[in-house]
Number of protein chains: 2
Amino acid sequence: MTVSSQVSDGTTTASSVDLLLPRGGGGVLAAQCPSRVVLDHVTSKWGVLVLVALSRGTLRWGELRRVVEGISEKMLAQTLRTLERDGIVLREASPTIPPRVDYSLTDRGRELTERLLPLMDWVLANADEILADQG
Amino acid sequence: MTVSSQVSDGTTTASSVDLLLPRGGGGVLAAQCPSRVVLDHVTSKWGVLVLVALSRGTLRWGELRRVVEGISEKMLAQTLRTLERDGIVLREASPTIPPRVDYSLTDRGRELTERLLPLMDWVLANADEILADQG
DNA sequence: TAAGGTACTGACATGACGGTGAGTTCCCAG
DNA sequence: CTGGGAACTCACCGTCATGTCAGTACCTTA
């Protein structure tokens with residue numbers, strides 16, 4: 001049942017708790033930790049879904065809009081801009097008419113989704129049971 | 001339960017992605033998918049941090065408040081109540097004076113954090129670089 | 001007597017998140 | 001020559017998430 005040790009590049013995730021929670025405080029739980037910012041981008045309502053969508057491959061603006069159901073144009077633009085600034089998503093615009101813009105994951109983005117997908121998998125698999133248990 | 005296979009060669013291999021993104025739409029990206037609800041709980045700003053804090057072991061109310069820096073009492077209560085309803089966190093109150101309430105992860109919660117910690121690890125490890133890259 | 005710790009709950013305010021709808025630029029189909 | 005699609009931006013506005021502050025019950029310590 002060990003899930004954490006199968007990251008391709010050899011990074012060990014075995015006792016990650018100690019990294020995340022140094023004894024004297026700090027780590028992710030420190031108020032001023034920069035990871036708080038990135039964490040908010042990555043775990044934002046629409047950020048997660050966009051990353052999942054792109055994990056299968058490159059998508060155009062309009063495709064993203066359709067595939068991530070319920071997202072507004074404003075939120076899609078905002079989410080993509082944030083993820084692009086973070087170097088997680090790559091934006092490639094063709095100067096053609098009509099315009100064509102492709103979005104894909106960078107290497108960094110692929111590293112991220114490697115760790116995100118197992119979580120999403122679990123949530124998807126357990127959501128029904130979790131909600132059923134509480135009426 | 002299919003644990004998503006790791007992506008080792010850059011291109012996504014058929015795995016959990018297909019579960020998450022069925023060809024005809026649906027999956028996590030469907031607007032009415034129940035996983036959206038659970039996802040919001042789990043990836044909420046404070047939810048993530050509380051889960052990380054509890055991943056090392058049982059904590060009391062006051063300990064959580066101190067360890068998760070910046071959280072208000074209201075948000076801590078609200079977050080814990082949500083996670084408890086979801087069967088992810090276990091609340092045990094001793095009817096002693098002064099009151100003592102212990103919070104810990106359920107089995108379900110431990111399954112979840114197994115998948116959450118690698119992600120948090122990565123975010124922590126890369127946050128500085130990500131923020132530095134954008135000035 | 002007062003102050004403080006423990007584990008909360010509830011009222012109130014505010015500010016950010018997110019939705020709506022319009023506007024833009026260029027081209028092509030009808 | 002009107003309409004529509006592509007990929008956005010912008011202004012407006014509402015609601016909900018979050019923060020702040022006060023209050024509660026009981027006991028211990030100063």
Side-chain angles (χ1 to χ4, degrees), chain A residues 28-33 36-51 53-54 57-86 89-104, chain B residues 28-33 36-51 53-54 57-86 89-104:
Chain A
V28 217
L29 301 181
Q32 18 61 287
C33 183
R36 288 261 183 116
V37 179
V38 178
L39 193 62
D40 280 347
H41 297 172
V42 161
T43 64
S44 71
K45 176 177 180 182
W46 298 115
V48 182
L49 299 178
V50 166
L51 289 175
L54 289 177
T58 300
L59 287 176
R60 300 179 57 177
W61 165 271
E63 291 171 329
L64 270 169
R65 181 145 173 46
R66 260 169 278 126
V67 109
V68 181
E69 291 182 25
I71 197 170
S72 67
E73 302 203 330
K74 179 187 167 184
M75 280 303 106
L76 181 54
Q78 197 174 110
T79 303
L80 285 172
R81 238 181 298 129
T82 301
L83 293 176
E84 195 196 350
R85 269 206 314 274
D86 287 350
V89 159
L90 178 68
R91 186 194 123 107
E92 290 171 294
S94 312
T96 58
I97 299 287
R100 175 193 179 92
V101 184
D102 289 306
Y103 292 94
S104 56
Chain B
V28 218
L29 301 182
Q32 18 61 289
C33 183
R36 288 263 182 116
V37 179
V38 178
L39 194 62
D40 281 346
H41 298 172
V42 161
T43 64
S44 72
K45 176 178 181 184
W46 298 115
V48 181
L49 298 177
V50 165
L51 289 175
L54 289 177
T58 299
L59 288 176
R60 300 180 57 178
W61 166 271
E63 292 171 329
L64 270 169
R65 180 145 174 46
R66 261 169 278 128
V67 111
V68 181
E69 290 182 28
I71 196 169
S72 68
E73 302 205 328
K74 182 186 165 182
M75 277 303 105
L76 180 54
Q78 197 174 112
T79 304
L80 285 172
R81 237 181 298 127
T82 300
L83 293 176
E84 196 197 348
R85 269 206 314 273
D86 288 349
V89 158
L90 179 67
R91 185 194 123 108
E92 290 171 293
S94 311
T96 58
I97 300 284
R100 175 194 178 91
V101 184
D102 289 307
Y103 291 94
S104 57

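In what follows, chains carry the letters A, B, and so on, assigned in the order in which the sequence lines appear, proteins first and then strands, with residues in each chain numbered from 1. Computed from a prediction, not measured in an experiment: that's the story for all the values here.
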Task: Atom pair distance, as rounded to whole Å: CG in L64(A) and C1' in dC8(D) - done: 14 Å
Open item on the list: Tell me whether the side-chain N/O atoms of R60(A) come closer than 4.0 Å to OP1 or OP2 in dA7(D).
Closed with: yes
Open item on the list: Is there a side-chain contact between V50(A) and L76(A) in this structure, where contact means two heavy atoms from C-beta onward sitting under 4.5 Å apart?
Closed with: yes
Open item on the list: What's R65(B) touching, base or sugar-phosphate or nothing? Going by heavy atoms closer than 4.0 Å.
Closed with: nothing
Open item on the list: Please determine whether a side-chain nitrogen or oxygen atom of W46(B) lies at a distance below 4.0 Å from atom OP1 or OP2 of dG19(D).
Closed with: yes
Open item on the list: What is the separation between atom CD on E73(B) and atom C1' on dC21(D), rounded to the nearest whole Å?
Closed with: 11 Å
Task: Nucleotide dA7(D), atom P - distance to CG of D102(A) in whole Å - done: 9 Å
Task: Between dC8(D) (P) and E63(A) (CD): distance, integer Å - done: 13 Å
- [ ] Starting from C1' on dC8(D), measure out to CD1 on I71(A) and report it in whole angstrom.
- [x] 14 Å
TODO: Please tell me which of P99(B) and G62(A) maps to the more 5' nucleotide of DNA chain D, matching each residue to the nucleotide holding its nearest heavy atom.
DONE: G62(A)
TODO: Check for a donor-acceptor pair, side chain of E69(A) on one end and backbone N or O of A30(B) on the other, with a separation under 3.5 Å.
DONE: no
Open item on the list: To check you understand the geometry: which heavy-atom pair defines the closest contact between A53(B) and V67(B), and what is its length?
Closed with: CB-CG1, 3.7 Å
TODO: Take atom CZ of R81(B) and atom C1' of dC8(C), then tell me their distance rounded to the nearest Å.
DONE: 9 Å
Open item on the list: Do R91(B) and V101(B) have side chains that approach each other closer than 4.5 Å (heavy atoms only, starting at C-beta)?
Closed with: yes
Task: Most 5' of Q78(A) and R66(A) on DNA chain D, judged by nearest nucleotide - done: R66(A)
- [ ] Find out whether W61(A) and E73(A) are in side-chain contact, i.e. whether some heavy atom of one side chain is under 4.5 Å from a heavy atom of the other.
- [x] yes
Task: Whole-Å gap separating P (dT18(D)) and CZ (R36(A)) - done: 13 Å
Open item on the list: Which is more 5' along DNA chain C, the nucleotide nearest M75(A) or the one nearest P98(A)? Just name the residue.
Closed with: M75(A)
TODO: Using only side-chain N and O atoms of S72(B), determine if any of them is under 4.0 Å from OP1 or OP2 of dG19(D).
DONE: yes
- [ ] Select base, sugar-phosphate, or nothing to describe what K45(A) touches, counting heavy atoms under 4.0 Å on all strands.
- [x] sugar-phosphate
- [ ] Figure out the CZ/C1' separation between R100(A) and dT25(C), and round it to whole Å.
- [x] 19 Å
- [ ] Side chain of K74(B) only, please: which of dC8(C), dT20(C), dT20(D) is the nearest?
- [x] dT20(D)
